[in-house]
Trainee: 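Take a look at this one; I'll ask things after.
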Amino acid sequence: QVQLVESGGGLVQAGGSLRLACAVSGRTSSSVAMGWFRQPPGKEREFVAGISLSGGRTYYADSVKGRFTISRDHAKNTVYLQMNSLKPEDTAVYYCAADSRHSTPRDYDYWGQGTQVTVSS
């Protein structure tokens, strides 16, 4: 079993930054590939970013490339999402997810509860 707890959400003005964190427990974070998803109001959940077991490979949705950075700290069992140049359309509930079966993330089997990010214009 893997437990995921997100933190770091909040209200920020357009152009600002936030860093989300996902604490991993139950297994060491180095044994699971990870990702971030988001669900904007009234829309379906969408992929934001992913990172491989080692952290050597990262993946991003086109909408966040160049603005968001996913990273991981194995010593802290934590995965981060640094979000810069935030836009109102980034407003969503952000979810951390884990793929416990592959070295690169593609089939997520564990999910966090989510953290709200609101970007005001």
Trainee: Over all heavy atoms of both residues, which pair between L4 and A98 is shortest? Give the atoms and the distance, please.
Mentor: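 Heavy atoms only, the tightest pair is CD1-N, 3.7 Å.
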Trainee: Is Y110 reachable from V48 through a run of hydrophobic residues whose side-chain heavy atoms are each under 4.5 Å from the next?
Mentor: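 Both belong to a single hydrophobic cluster.
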Trainee: Can you confirm whether I51 sits close enough to Y59 that some side-chain heavy atom of one is under 4.5 Å from a side-chain heavy atom of the other?
Mentor: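 With C-beta onward as the side chain, the pair stays apart.
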Trainee: Would you say that C22 contacts M34 through its side chain, given a criterion of any heavy-atom pair below 4.5 Å between the two side chains?
Mentor: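 Yes, side chains in contact.
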Trainee: Please verify the inter-ring angle class for F47 with F37; under 30° counts as parallel, over 60° as perpendicular, anything in between as tilted.
Mentor: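 Geometry flag for F37 against F47: perpendicular rings.
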Trainee: Check whether any side-chain heavy atom of Q13 sits under 4.5 Å from a side-chain heavy atom of V119, and report yes or no.
Mentor: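 Result no, sub-4.5 Å side-chain heavy-atom pair not found.
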Trainee: What's the verdict on side-chain contact (heavy atoms from CB on, under 4.5 Å) for L86 and L18, showing C-alpha distance, side-chain angles and the deciding distance?
Mentor: CA-CA 8 Å; L86 283 162; L18 279 176; 4.2 Å; yes
Trainee: May I ask you to say whether K87 pairs ionically with D90, meaning some side-chain N is under 4.0 Å from a carboxylate O?
Mentor: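 Not counted as a salt bridge, because no side-chain N and carboxylate O are separated by less than 4.0 Å.
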Trainee: Give, for atom CD of Q1 and atom OG of S25, the distance between the pair rounded to the nearest 0.5 Å.
Mentor: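 One finds 10.0 Å between CD of Q1 and OG of S25.
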Trainee: Does any non-hydrogen side-chain atom of F68 lie less than 4.5 Å from one of N84?
Mentor: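 When only atoms from C-beta onward are counted, F68 and N84 do not touch, as no gap falls below 4.5 Å.
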Trainee: So if you build clusters from Ile, Leu, Val, Met, Phe, Trp, Tyr with side-chain heavy-atom gaps below 4.5 Å, do V12 and V64 land together?
Mentor: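 V12 and V64: one cluster.
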Trainee: Using 0.5 Å steps for rounding, measure from the OG atom of S121 to the CD atom of E89.
Mentor: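 It is 10.0 Å, given to the nearest 0.5 Å.
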Trainee: Would you sort out whether V2 and V24 count as a side-chain contact (heavy atoms from CB on, under 4.5 Å), showing the intermediate values?
Mentor: CA-CA 7 Å; V2 176; V24 182; 4.0 Å; yes
Trainee: So, for S85 and S17, which heavy atoms are closest and what is the spacing to 0.1 Å?
Mentor: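 Where S85 meets S17 most closely, the heavy atoms are N-OG, 4.3 Å.
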Trainee: Say whether L20 and Y108 are linked into one hydrophobic cluster, either directly or through other cluster members, by side-chain heavy-atom distances under 4.5 angstrom.
Mentor: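 No, it is not one cluster - the side chains of L20 and Y108 are not joined through contacts under 4.5 Å.
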Trainee: Roughly how far apart are S52 OG and R106 CZ, rounded to 0.5 Å?
Mentor: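 Reported to 0.5 Å precision, the distance equals 12.0 Å.
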Trainee: What are the two closest non-hydrogen atoms of L53 and S31, and how far apart are they?
Mentor: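 Closest heavy-atom pair between L53 and S31: CD2-C, 3.1 Å.
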Trainee: Regarding D73 and T78, is there a side-chain donor-to-acceptor distance under 3.5 Å anywhere?
Mentor: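 No - no donor-acceptor pair under 3.5 Å links their side chains.
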Trainee: Is V79 reachable from Y60 through a run of I, L, V, M, F, W or Y residues, each pair having side-chain heavy atoms under 4.5 Å apart?
Mentor: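 Yes; tracing contacts between hydrophobic side chains, which count when under 4.5 Å, links both residues.
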Trainee: Taking atom CD1 of I70 and atom OH of Y80, what is their separation to the nearest 0.5 Å?
Mentor: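 Rounded to the nearest 0.5 Å, the CD1-OH separation comes to 12.5 Å.
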Trainee: So do D107 and H102 actually touch side chain to side chain, heavy atoms under 4.5 Å?
Mentor: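 Yes. Closest side-chain heavy atoms under 4.5 Å.
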Trainee: Q39 versus E46: any side-chain heavy-atom pair under 4.5 Å?
Mentor: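 No - every pair of side-chain heavy atoms lies 4.5 Å or more apart.
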Trainee: Can D109 and R101 be counted as an ion pair, charged N to O under 4.0 angstrom?
Mentor: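 Salt bridge present between D109 and R101.
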Trainee: Taking a hydrophobic cluster as the set of Ile, Leu, Val, Met, Phe, Trp and Tyr residues connected by side-chain heavy atoms closer than 4.5 Å, whether directly or through intermediates, do L81 and W111 fall within one such cluster?
Mentor: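 Different clusters.
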Trainee: Side chains of Y95 and R38, heavy atoms from C-beta outward: is any pair under 4.5 Å?
Mentor: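 Contact flag for Y95/R38 side chains = no.
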Trainee: Return the CD to CD distance between Q116 and E6, rounded to the nearest 0.5 Å.
Mentor: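 The CD atom of Q116 sits 12.0 Å away from the CD atom of E6.
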